[in-house]
Amino acid sequence: DAGITQSPRYKITETGRQVTLMCHQTWSHSYMFWYRQDLGHGLRLIYYSAAADITDKGEVPDGYVVSRSKTENFPLTLESATRSQTSVYFCATGGGLQETQYFGPGTRLLVL
Amino acid sequence: KNQVEQSPQSLIILEGKNCTLQCNYTVSPFSNLRWYKQDTGRGPVSLTIMTFSENTKSNGRYTATLDADTKQSSLHITASQLSDSASYICVVTDHQGNLIFGKGTKLSVKP
């Protein structure tokens with residue numbers, strides 16, 4: 001039982017293509033988060049979800065779409081990928097905003 | 001603007017030595033402060049979490065301290081091991097639940 005998994009782990013795509021990154025948890029945590037991590041920046045929050053069908057924007061939401069139809073899944077979609085979205089994407093889960101977050105292994109995305 | 005600044009940016013030490021990483025923040029009021037360890041190519045893992053009323057918290061060879069008056073925290077690593085080579089990230093949570101991440105300190109432990 002891996003707890004939190006992300007797929008794919010690596011992805012290469014082209015500018016303008018749609019890409020979906022998957023995140024799955026087995027802990028039944030209420031909250032799920034998507035971050036991106038770039039050199040020279042700390043982790044930056046893209047979107048988060050407090051429960052199924054409830055999502056909120058983070059610091060850098062532009063160009064991304066999320067959904068949460070089931071508690072255990074929180075996919076992140078880049079509707080039309082741009083080179084600036086080349087990054088490492090981390091999904092995380094937690095019991096609440098004030099509680100410890102548990103991070104997945106990350107997805108390395110390269111947009112050509 | 002709420003900020004979290006970490007120093008040094010990178011650090012190289014010899015195996016068995018101690019080291020201290022610094023975190024200064026401007027987040028006010030804040031709810032808690034956390035230290036995460038991130039191994040290369042992996043997601044961050046929580047080491048410690050402290051509320052504003054706590055001064056110190058230990059997790060094995062890792063000891064975090066917090067001075068809420070000066071808005072400073074430190075992470076002390078005792079008797080370093082090669083496996084301590086990683087990035088260490090300081091994260092401050094404000095009262096609204098927003099997490100403000102530092103850019104991290106990259107620690108290299110050499111044999």
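Please read all numbers here as calculations on a predicted model, not as lab measurements. Lettering follows sequence order; numbering is per chain, from 1.
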Shared hydrophobic cluster, B:Trp35 / B:Tyr62 (ILVMFWY, side-chain heavy atoms < 4.5 Å)
yes
Segment of A:Arg9 engaging chain B (4.5 angstrom heavy-atom cut-off)
side chain
For residues A:Phe90 and B:Gly43, report the shortest heavy-atom separation together with the two atoms involved.
CE2-CA, 3.3 Å
Between OH of A:Tyr48 and CG of B:Leu99, what distance do you get to the nearest 0.5 Å?
10.5 Å
Verify the cluster assignment for B:Ile100 and B:Leu75: are they in a single hydrophobic cluster under the rule of side-chain heavy atoms below 4.5 Å apart?
yes
At a heavy-atom separation under 4.5 Å, does A:Leu43 approach chain B through its side chain, its backbone, both, or neither?
both
Under a 3.5 Å distance rule, please check whether B:Arg42 uses its side chain to pair with a backbone N or O of A:Gly106 as donor and acceptor.
no
Is B:Arg61 atom CZ crowded by more than 12 heavy atoms from other residues, nucleotides or ligands, each under 6.0 Å away?
yes
Starting at CZ of B:Arg34, measure out to CD of A:Glu99 and round the result to the nearest 0.5 Å.
8.5 Å
If you count heavy atoms of other groups shown closer than 6.0 angstrom to CG of A:Leu110, is the number above 12?
yes
Is the CG atom of B:Leu82 crowded by more than 12 outside heavy atoms at less than 6.0 Å?
yes
Heavy-atom contact with chain A under 4.5 Å, split by part of B:Asp94
backbone
Atom CZ of A:Arg108 with >12 non-hydrogen neighbours under 6.0 angstrom:
no
Heavy-atom proximity to chain A below 4.5 Å, by part of B:Gln96:
backbone
Working for side chain to side chain contact (heavy atoms under 4.5 Å, CB included), residues A:Gln37 and B:Phe101:
CA-CA 11 Å; A:Gln37 187 174 40; B:Phe101 288 80; over 6 Å; no
Determine, using the 4.5 Å side-chain heavy-atom cutoff (strictly less than), whether A:Phe74 and A:Val88 are members of one ILVMFWY cluster.
no
Interatomic distance, B:Ser46 atom OG to A:Tyr102 atom OH [nearest 0.5 angstrom]
7.0 Å
